[in-house]
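All residue numbers in this chain count up from 1 along the given sequence.
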Amino acid sequence: MGQTGSKVMSKISSSFTYHGSPSEDFEGAERAVASFKGTPFVYSRQGSMYFDEDGDLAHEFYEEVAPKKRGGKKRMRRIDKNLRPQGEVKYKVPCLHVDFPIILYSD
């Protein structure tokens, strides 16, 4: 393994070492938070489901279609007309925005 192994180990160990001071990191975090526009919390999202004519809520709707010939198999056809989007769905607990520039860490 010799020299190649030690090169690999030095690259791996150098990728995990931190050479900055904690005060520099803190100042960078303050600037990143100050540059973030808006609130870091998300209270709602756009729903991905639909309501049909009867008021049922689902991702997709299908109807059973009778065969054209006698003795044929029944099949399912997807419905895509007369559907209303669900709209905005509120979260029970607010979430952090995806673009918020702070990494949270917990032991």
Side-chain angles (χ1 to χ4, degrees):
M1 198 156 149
Q3 194 173 16
T4 307
S6 61
K7 283 182 183 178
V8 171
M9 284 306 294
S10 66
K11 286 182 181 180
I12 291 173
S13 64
S14 66
S15 65
F16 291 112
T17 56
Y18 177 69
H19 299 293
S21 67
S23 62
E24 290 175 9
D25 192 31
F26 186 70
E27 291 168 2
E30 283 182 347
R31 278 183 296 195
V33 171
S35 68
F36 185 75
K37 306 258 188 291
T39 177
F41 298 109
V42 178
Y43 296 100
S44 62
R45 65 173 174 84
Q46 195 65 24
S48 61
M49 296 196 281
Y50 296 92
F51 288 105
D52 69 346
E53 297 167 337
D54 300 330
D56 295 329
L57 183 66
H59 286 286
E60 297 176 316
F61 289 94
Y62 291 90
E63 66 180 349
E64 191 173 2
V65 179
K68 293 181 181 178
K69 296 181 181 179
R70 184 174 171 93
K73 290 186 176 181
K74 294 180 181 178
R75 59 186 188 96
M76 302 296 283
R77 181 173 61 188
R78 186 175 178 186
I79 300 174
D80 55 357
K81 295 179 181 171
N82 297 328
L83 298 178
R84 293 179 292 123
Q86 183 180 13
E88 194 169 304
V89 178
K90 296 196 184 264
Y91 287 126
K92 293 178 184 175
V93 177
C95 300
L96 281 177
H97 196 275
V98 174
D99 296 329
F100 192 61
I102 297 294
I103 297 173
L104 299 177
Y105 176 76
S106 176
D107 273 340

Please report, to 0.1 Å, the donor-acceptor pairs under 3.5 Å made by any side chain of residues 65-76, with sequence neighbours excluded.
none

Enumerate, atom names and distances included, each donor-acceptor pair closer than 3.5 Å involving a side-chain atom of residues 50-60, sequence neighbours excluded.
{"unit_1": "D52", "atom_1": "OD1", "unit_2": "D54", "atom_2": "N", "d": "3.2"}
{"unit_1": "D52", "atom_1": "OD1", "unit_2": "G55", "atom_2": "N", "d": "3.1"}
{"unit_1": "D52", "atom_1": "OD1", "unit_2": "D56", "atom_2": "N", "d": "2.8"}
{"unit_1": "E53", "atom_1": "OE2", "unit_2": "N82", "atom_2": "ND2", "d": "2.7"}
{"unit_1": "E60", "atom_1": "OE1", "unit_2": "Y62", "atom_2": "OH", "d": "3.4"}

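Annotation: side-chain hydrogen bond (donor to acceptor under 3.5 Å, both in side chains) contacts of Y43 (sequence neighbours excluded): none. A search for side-chain hydrogen bond (donor to acceptor under 3.5 Å, both in side chains) contacts involving R77 returns E63, not counting sequence neighbours.
Identified under the salt bridge (charged side-chain N to carboxylate O under 4.0 Å, His left out) test for residues 80-94, with sequence neighbours left out: none.
Distance check, rounded to the nearest 0.5 Å: CZ of F41 to NE2 of H97 gives 12.5 Å.
Hydrophobic cluster membership for V98: none, as no Ile, Leu, Val, Met, Phe, Trp or Tyr side chain comes under 4.5 Å of it.
Looking at every heavy atom in both residues, V42 comes nearest to Y91 through O-CD1, 3.6 Å.
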